[in-house]
Amino acid sequence: MTPYARRGVHGQTVEALARRILGGEIPEGATLDLVALQSELDVSLTALRESLKVLAAKGMVDARQKRGTFVRNRSDWNLLDADVLRWQFDSFRTTDADRALLRNLAEVRSIIEPAAVRLAAGRRTDADLAALDTAVDAMGAGGSDAAHAVEADLAFHRALLAATHNELLERMEMVIESGLAHRDRIVHSSPHSQDPVPAHRAVLDAVRAQDPQAAESAMRALLDQAGRDLDRVGGSDNDLERLSGQ
């Protein structure tokens with residue numbers, strides 16, 4: 001169950017509306033028929049309006065006199081919001097826009113993580129190293145369990161950003177995590193992906209040695225491997241649709 005869906009009727013309504021918008025079922029510029037949505041979603045008008053306030057705060061909808069409530073242009077959406085990112089990947093199919101989202105994520109990671117790991121190499125504490133060690137050990141202990149591999153990978157990258165001891169960089173976890181989790185589910189559900197442990201351990205070893213240049217090089221190698229893994233398993237639209245639905 002996703003985070004908003006745990007919040008009862010209000011949360012489930014937010015999730016349902018967000019997915020329809022992000023999936024294109026309710027297109028940009030469309031005016032919402034609140035009466036029809038209220039009936040279709042089987043919620044009170046109050047619950048519907050409260051849910052729309054959540055989406056308005058994320059830049060996805062707006063309300064104007066004479067026009068009513070409408071979907072704003074994608075350029076107005078808060079695409080860095082953790083919920084919006086998660087909803088995009090929850091709605092992932094194999095359209096050009098969805099593939100572009102994965103490419104955009106890879107580019108963002110290639111900018112943020114090599115720079116972050118340089119800071120981590122200079123600032124890491126024993127506690128940071130322990131968290132990174134735990135994550136890498138968990139990667140090796142998961143075997144073929146894709147869910148375990150995904151969580152271990154997320155834990156590693158969380159710990160790496162935390163080791164920068166930069167509050168703003170630590171918050172970048174929210175940008176990276178949703179897309180990384182989706183990418184990991186695709187890759188780790190395939191028998192063709194490479195063992196992730198050596199690449200992650202190389203990053204950890206460089207951070208442990210407090211060698212910023214080696215840490216950056218190891219991170220770039222890890223990201224290159226991540227791209228190759230995704231290309232290897234993502235050659236077929238059928239495979240992507242099957243894996244992204246897991």
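Note that the numbering runs from 1 along the sequence shown for the chain.
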Check: V54 and M60 side chains under 4.5 Å, non-hydrogen atoms: no
In short, I176 meets I112 closest at the heavy-atom pair CD1-CG2, 4.3 Å
L80 and L169: same hydrophobic cluster, using ILVMFWY side-chain contacts below 4.5 Å?
yes
task = Report yes or no: do V14 and L45 belong to one cluster of Ile/Leu/Val/Met/Phe/Trp/Tyr joined by side chain heavy-atom distances under 4.5 Å?
result = yes
Closest non-hydrogen atoms of Q88 and L22, given as atom of the first, atom of the second and distance, are CG-CD2, 3.5 Å
When rounded to the nearest 0.5 Å, the distance separating CG of L160 from NE2 of H200 is 9.0 Å
Heavy-atom closest pair (A47 atom, H10 atom, distance to 0.1 Å) is O-ND1, 4.3 Å
Separation between CG (L85) and CG (L105), nearest 0.5 Å, reads 8.5 Å
Crowding at CZ, R158 (>12 non-hydrogen neighbours, <6.0 Å): yes
Is any side-chain N of the basic residue among D81 and R86 closer than 4.0 Å to the acidic one's carboxylate O? no
Q | T164 backbone acceptor or donor facing R123 side chain under 3.5 Å | A | yes
> Passes side chain to side chain contact (heavy atoms under 4.5 Å, CB included), W87 versus K58? Steps please.
Replying inline: CA-CA 12 Å; W87 290 331; K58 298 178 185 298; 3.7 Å; yes
Looking only at heavy atoms, the pair that brings P27 and V71 closest together is O-CB, 3.5 Å
message: Salt bridge check, R118 against E216: does any charged N sit closer than 4.0 Å to a carboxylate O?
response: yes
Separation between OG1 (T13) and CG (L52), nearest 0.5 Å, reads 9.0 Å
### Query
Hey, are H157 and E113 close enough side-chain-wise for a donor-acceptor pair under 3.5 Å?
yes
For residues 202-214, which side-chain N or O atoms pair as donor and acceptor with protein atoms under 3.5 Å away, sequence neighbours left out?
from: R208; atom 1: NH1; to: D133; atom 2: OD2; distance (Å): 3.3
from: R208; atom 1: NH2; to: D133; atom 2: OD1; distance (Å): 2.8
from: R208; atom 1: NH2; to: D133; atom 2: OD2; distance (Å): 3.4
from: D211; atom 1: OD1; to: Q213; atom 2: N; distance (Å): 3.3
from: D211; atom 1: OD1; to: A214; atom 2: N; distance (Å): 3.1

Tell me whether R67 forms a cation-pi arrangement with F70, defined as NZ or CZ under 6.0 Å from the six-membered ring centre and within 45 degrees of its axis.
yes
Heavy-atom closest pair (L161 atom, E173 atom, distance to 0.1 Å) is CD1-N, 3.6 Å
Sorted by chain and residue number, the side chain to side chain contact (heavy atoms under 4.5 Å, CB included) partners of S217 (sequence neighbours excluded) come out as none
Point to revise | Side-chain heavy atoms of L119 within contact of V117, under 4.5 Å | key: no
- Check the pair M139, D195 against side chain to side chain contact (heavy atoms under 4.5 Å, CB included), reporting the backbone distance first and the verdict last. CA-CA 9 Å; M139 284 183 204; D195 181 0; over 6 Å; no
Across all chains, not counting sequence neighbours, the side chain to side chain contact (heavy atoms under 4.5 Å, CB included) partners of A199 are L222, Q225
Atom CG of N73 with >12 non-hydrogen neighbours under 6.0 angstrom: yes
Output for pair (L32 CG, R20 CZ), nearest 0.5 Å, gives 10.5 Å
Can a salt bridge be assigned to the pair E15 and R19 using a cut-off of 4.0 Å between side-chain N and carboxylate O? yes
By side-chain hydrogen bond (donor to acceptor under 3.5 Å, both in side chains), Q38 pairs with (sequence neighbours left out) none
Between the CG atom in L17 and the CD atom in E25, the distance rounded to the nearest 0.5 Å is 10.0 Å
Any chance you could lay out the side chain to side chain contact (heavy atoms under 4.5 Å, CB included) test for D42 and V9, step after step, and finish with the verdict?
-> CA-CA 10 Å; D42 193 23; V9 172; over 6 Å; no
Taken to the nearest 0.5 Å, the spacing of S44 OG from E50 CD works out to 9.0 Å
Scanning both residues in full, the closest heavy-atom pair of A159 with L132 reads CB-CD2, 3.7 Å
The side-chain hydrogen bond (donor to acceptor under 3.5 Å, both in side chains) partners of T125 (sequence neighbours excluded) come to D128
With sequence neighbours left out, the residues meeting salt bridge (charged side-chain N to carboxylate O under 4.0 Å, His left out) with R64 are D62
| said: Under the criterion side chain to side chain contact (heavy atoms under 4.5 Å, CB included), I'd like the reasoning laid out for W77 against E28: C-alpha separation, chi angles, the key distance, then a yes or no. | reply: CA-CA 11 Å; W77 301 352; E28 297 171 46; 4.1 Å; yes
